[in-house]
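All values below were derived from every heavy atom in this structure, side-chain atoms included, with hydrogens, water molecules and symmetry-related copies excluded.
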Amino acid sequence: SLLNRLGKQWYQRRVRGDQAIVELAFQTTASIFEQYFSVIGDSFQDAVKCLSEFACNAAFPDTSMEAIRYIRRCANYVAENPEQFAGDDNNMENVWVKGWFPVLFELSCIINRCKLDVRTRALTVMFEVMKHHGKDYKVDWWRDLFNIVFRIFDHMKITELTPEQYKVQRREWMTTTCNHALYAVVDVFTQHFAILSELLTELLSLIQWCVRQDNEQLAKSGMNCLENLVMGAGHSFKEADWDLIIDTITGVYAQTLPADMRNWKPTLDTSFDQVSLHSDTSMEPDNTQLAVSRADKNLFQILNIGCVVQAEIVQTIDNIIFFPASSAKEDAQIDPYYMSEDGDHPLPEGMFNYLTTKQLFRVVECLFESHKFSKGFNMDIDQRKILWKYGFKGRILPDLQKQETASLLCSLRILHKIYSDITRVDEWSKTEIYLHRLTVESFEYYTMLEEDKRRYSWGKIVILMLKKMMLLDDERFVVILAKCYNQICHILAQENERDLQLVLSKFFLRARDPLFKVAS
């Protein structure tokens with residue numbers, strides 16, 4: 001066809017940058033679309049291919065953008081005239097093969113071949129088409145389409161660049177195009193979840209792949225997209241879908257755990273005589289940081305990304321189960337002057353009620369592992385100073401304080417929520433064991449802390465624990481008090497922040513009646 005010949009001619013000429021030929025060819029193509037588009041018929045695929053070749057013009061970005069606009073018109077034409085593609089036998093598979101597939105495939109080719117501004121526009125148009133017309137697609141069509149979309153993420157695996165060029169372009173590709181595509185895929189998936197639920201496993205595998213690519217921005221986006229997916233479609237999840245979500249969370253946790261932080265030693269034979277390895281963690285910046293090998297620098301980058309992802313996992317869990325507004329209000333309870341009353345507005349439930357207790361316990365176990373790892377690292381002062389000396393976190397002493405406290409707080413929220421849920425009464429005894437163990441261990445640990453920064457952070461956890469205990473009924477309160485009474489007395493004997501002192505005072509007033517049966 002004429003359009004096919006135009007496309008091939010354009011492909012041969014475009015590298016020369018001959019503006020006159022380019023403009024004339026595109027004007028001819030545009031006039032065909034404006035005047036004769038309705039009679040293109042069997043040449044539709046050639047027409048879309050022709051536009052794709054114009055769009056891949058690196059020398060004339062305006063022409064590229066205009067070509068993409070015409071491809072969008074092609075999509076609208078397929079949506080408005082499916083009978084022209086179905087044929088005389090009304091075969092709807094032909095609508096996909098001859099209509100939708102060429103449009104979406106050529107947009108993906110533009111994404112994979114063009115510079116950032118053009119491929120970003122093609123990406124936007126591609127997902128706009130999916131959002132607006134995806135309700136008409138069959139599951140098999142979506143499966144074919146997702147195979148096209150996933151090629152966007154595979155693009156940088158096939159390249160003839162030098163290693164250094166590949167590294168630079170791969171980083172740019174992941175930070176821009178992959179990042180944009182991931183959010184768009186999840187947005188489309190959430191909108192059409194009723195149709196796409198069968199493809200949840202493939203989407204979660206893609207999210208995990210993005211988190212594992214040693215790219216901080218893409219890893220954070222992966223966790224954020226997982227949260228968006230659950231927030232948008234979680235109400236429609238089946239129990240098996242929630243199992244897949246939890247498998248993804250625990251899988252990402254295991255795959256990104258920066259375990260080498262606990263035992264890293266420099267590969268160079270360098271003395272540590274000038275490093276003071278005593279328990280005092282106050283270290284002033286100086287110029288004595290030592291050099292590390294290129295391999296260790298790369299390892300430090302991977303470990304840093306792992307630290308970021310681990311913190312994101314905890315935040316994602318908290319946001320999914322309780323919603324950010326709920327957690328923020330509960331955090332406000334740390335203020336010693338704030339006491340939750342029955343008349344308070346109820347907190348939003350998040351997705352808590354959609355998960356089984358068994359699934360919630362799996363999440364709690366993951367949070368326990370996160371807390372255990374970060375707590376162990378924070379306690380290892382010598383290892384932290386070695387990492388600091390070799391520039392692992394620049395000029396600051398590395399710690400996982402946020403992960404250590406946030407994972408514990410989220411665990412407490414989940415366990416107390418289960419403990420107060422009348423529909424989960426069969427699991428109260430197991431929950432009680434978890435809570436008692438966690439409370440006693442936390443109080444004991446707080447009494448052993450010496451570092452001011454960590455005592456301050458843990459003081460907030462102790463406050464929240466005490467206030468949660470005060471909200472229990474007398475029977476439960478007495479039971480848990482008997483488990484941790486000695487530890488609370490040890491806390492009382494220490495020098496504490498005024499906020500904690502006030503809560504301790506209220507706590508012992510709360511304990512008066514059930515312990516001594518004294519009327520107020």
Next item on the list: For N224 and Y183, run side chain to side chain donor-acceptor pair (under 3.5 Å): C-alpha distance rounded to whole Å, both residues' side-chain angles, the deciding distance at 0.1 Å, then the answer.
Entry: CA-CA 9 Å; N224 191 246; Y183 277 100; 3.1 Å; yes
Next item on the list: With the side chain counted from C-beta on, respond yes when L412 and L435 share a heavy-atom pair under 4.5 Å apart, and no when they do not.
Entry: yes
Note to self: Run the ring-ring contact (aromatic ring centres under 6.0 Å, His included) test against H192 and tell me which residues pass, sequence neighbours left out.
What the structure shows: W142
Notebook entry, point to check: So do I305 and T256 actually touch side chain to side chain, heavy atoms under 4.5 Å?
Noted result: no
Going by atom type alone, with no hydrogens or angles, which donor-acceptor pairs under 3.5 Å involve a side-chain atom of residues 201-208 and a protein atom two or more places apart or on another chain?
from	atom 1	to	atom 2	distance (Å)
E202	OE2	R143	NH1	3.1
S205	OG	T201	O	3.0

Next item on the list: Evaluate the side-chain proximity of S411 to Y434: yes if any heavy-atom separation is below 4.5 Å, no if none is.
Entry: no
Check: Does any non-hydrogen side-chain atom of Y253 lie less than 4.5 Å from one of V309?
Finding: no
Check: Can you tell me if Q383 uses its side chain to pair, donor with acceptor, with the backbone of W264 under 3.5 Å?
Finding: yes
Next item on the list: Take I313 and Q310 through the test side chain to side chain contact (heavy atoms under 4.5 Å, CB included) and record every step on the way to the result.
Entry: CA-CA 5 Å; I313 290 171; Q310 293 290 305; 4.0 Å; yes
Next item on the list: Search all heavy atoms of F153 against all heavy atoms of C178 and return the closest pair with its distance.
Entry: CE2-O, 3.5 Å
Notebook entry, point to check: Which pair of heavy atoms, one from Q359 and one from Y354, lies closest together, and at what distance?
Noted result: OE1-O, 4.4 Å
Next item on the list: Could you check if a side-chain atom of L492 sits within less than 4.5 angstrom of a side-chain atom of I488, using non-hydrogen atoms only?
Entry: no
Note to self: Going by the rule salt bridge (Lys or Arg N to Asp or Glu O under 4.0 Å), which residues pair with D380 if we only count those two or more places apart in sequence or in a different chain?
What the structure shows: none
Next item on the list: Of all the heavy-atom pairs spanning F352 and I414, show the shortest one and how long it is.
Entry: CE1-O, 4.2 Å
Margin query: For a ring pair (Phe, Tyr, Trp, His ring centres under 6.0 Å) check, start with the C-alpha distance between F300 and Y390, then their side-chain angles and the critical distance, and finish with the verdict.
Written below: CA-CA 10 Å; F300 281 179; Y390 282 86; 7.8 Å; no
Check: Does atom CE of M231 have more than 12 heavy-atom neighbours, drawn from other residues, nucleotides or ligands, at distances under 6.0 Å?
Finding: yes
Margin query: Ring of Y446, cation from R455 - is the NZ or CZ under 6.0 Å from the centre and inside 45° of the axis?
Written below: yes
Checklist line | Residues that R424 engages under side chain to side chain donor-acceptor pair (under 3.5 Å), provided they are two or more places apart | finding: T357, D421
Margin query: For S457 versus Q401, what's the shortest heavy-atom pair and its separation?
Written below: CB-NE2, 3.3 Å
Next item on the list: List for me each residue that meets ring-ring contact (aromatic ring centres under 6.0 Å, His included) alongside W242, sequence neighbours excluded, and say none if there are none.
Entry: F237
Margin query: Tell me if the CG atom of N263 is crowded by more than 12 foreign heavy atoms within 6.0 Å.
Written below: yes
Notebook entry, point to check: Should V479 and R476 be marked as a side chain to side chain contact (heavy atoms under 4.5 Å, CB included) after you check the CA-CA gap, both sets of side-chain angles, and the distance that decides it?
Noted result: CA-CA 5 Å; V479 172; R476 286 179 167 182; 5.7 Å; no
Item checked: Closest non-hydrogen atom pair, F392 against N304 -> O-ND2, 3.3 Å
Item checked: I148 CD1 to N112 CG distance, which is reported to the nearest 0.5 Å -> 10.5 Å
Notebook entry, point to check: Counting distance only, does the side-chain N/O of S505 pair as donor-acceptor with the main-chain N or O of Q501 below 3.5 Å?
Noted result: no
Notebook entry, point to check: Going by atom types only, do Q403 and S370 share a side-chain donor-acceptor pair under 3.5 Å?
Noted result: yes
Note to self: In the structure I gave you, are the side-chain heavy atoms of K393 and L397 within less than 4.5 Å of one another anywhere?
What the structure shows: no
Item checked: Summary of ring pair (Phe, Tyr, Trp, His ring centres under 6.0 Å) pairs that have at least one residue in residues 488-511, sequence neighbours excluded -> F477-F507
Margin query: Can you confirm whether more than 12 heavy atoms, excluding those of K402, are under 6.0 Å from its NZ atom?
Written below: no
Margin query: Checking R510 against D474 for the salt bridge (charged side-chain N to carboxylate O under 4.0 Å, His left out) test, could you report, in this order, the C-alpha distance in whole Å, the side-chain angles of both residues, the deciding distance, and whether it holds?
Written below: CA-CA 9 Å; R510 165 70 176 87; D474 285 356; 3.1 Å; yes
Next item on the list: Report yes if some heavy atom in the side chain of T447 is under 4.5 Å from a heavy atom in the side chain of Q487; otherwise report no.
Entry: no
Margin query: Can you classify the ring geometry of W428 versus Y419 as parallel (below 30°), tilted (30 to 60°) or perpendicular (above 60°)?
Written below: perpendicular
Next item on the list: Please step through salt bridge (charged side-chain N to carboxylate O under 4.0 Å, His left out) for the pair D399 and R454, ending with a clear verdict.
Entry: CA-CA 10 Å; D399 67 54; R454 299 191 68 210; over 6 Å; no
Checklist line | Contact list for residues 224-243, test salt bridge (Lys or Arg N to Asp or Glu O under 4.0 Å), sequence neighbours left out | finding: none
Next item on the list: If a pair satisfies salt bridge (Lys or Arg N to Asp or Glu O under 4.0 Å) and one of its residues is in residues 351-369, list it, with sequence neighbours excluded.
Entry: D247-R362
Next item on the list: Report yes or no: does D260 contribute a side-chain atom to a donor-acceptor pair with the main-chain N or O of L303 at less than 3.5 Å?
Entry: no
Check: Quick one: salt bridge (Lys or Arg N to Asp or Glu O under 4.0 Å) partners of K430, sequence neighbours excluded?
Finding: none
Check: For F189, what residues pass the ring-ring contact (aromatic ring centres under 6.0 Å, His included) criterion, not counting sequence neighbours?
Finding: F193
Next item on the list: Give the intermediate values and the outcome of ring pair (Phe, Tyr, Trp, His ring centres under 6.0 Å) for residues F150 and F146.
Entry: CA-CA 6 Å; F150 289 168; F146 269 33; 5.7 Å; yes
Next item on the list: Let me see the working for K468 and T439 under side chain to side chain contact (heavy atoms under 4.5 Å, CB included), right down to the final yes or no.
Entry: CA-CA 11 Å; K468 286 288 189 183; T439 303; over 6 Å; no
Item checked: side chain to side chain contact (heavy atoms under 4.5 Å, CB included) between L504 and V462, worked out -> CA-CA 10 Å; L504 283 168; V462 172; 5.8 Å; no
Check: Can you list every salt bridge (Lys or Arg N to Asp or Glu O under 4.0 Å) pair that touches residues 484-497, not counting sequence neighbours?
Finding: none
Check: Which atom pair, heavy atoms only, marks the closest approach of K131 to Q191?
Finding: O-NE2, 2.9 Å
Item checked: Partner set under salt bridge (Lys or Arg N to Asp or Glu O under 4.0 Å) for D214, not counting sequence neighbours -> none
Item checked: Straight-line distance of L360 CG to T431 OG1, nearest 0.5 Å -> 9.0 Å
Check: Does W458 use its side chain to pair, donor to acceptor, with the backbone of S442 at less than 3.5 Å?
Finding: no
Check: Roughly how far, to the nearest 0.5 Å, is the NZ atom of K467 from the CG atom of L472?
Finding: 14.0 Å
Item checked: Donor-acceptor under 3.5 Å (N378 side chain, L400 main chain) -> yes
Checklist line | Any donor-acceptor pair under 3.5 Å from N215 side chain to Q213 backbone | finding: no
Margin query: Quick test of your reading of the model: are R119 and E172 salt-bridged, counting only N-O distances below 4.0 Å?
Written below: yes
Margin query: Is the shortest side-chain heavy-atom distance between M469 and C484 below 4.5 Å?
Written below: yes
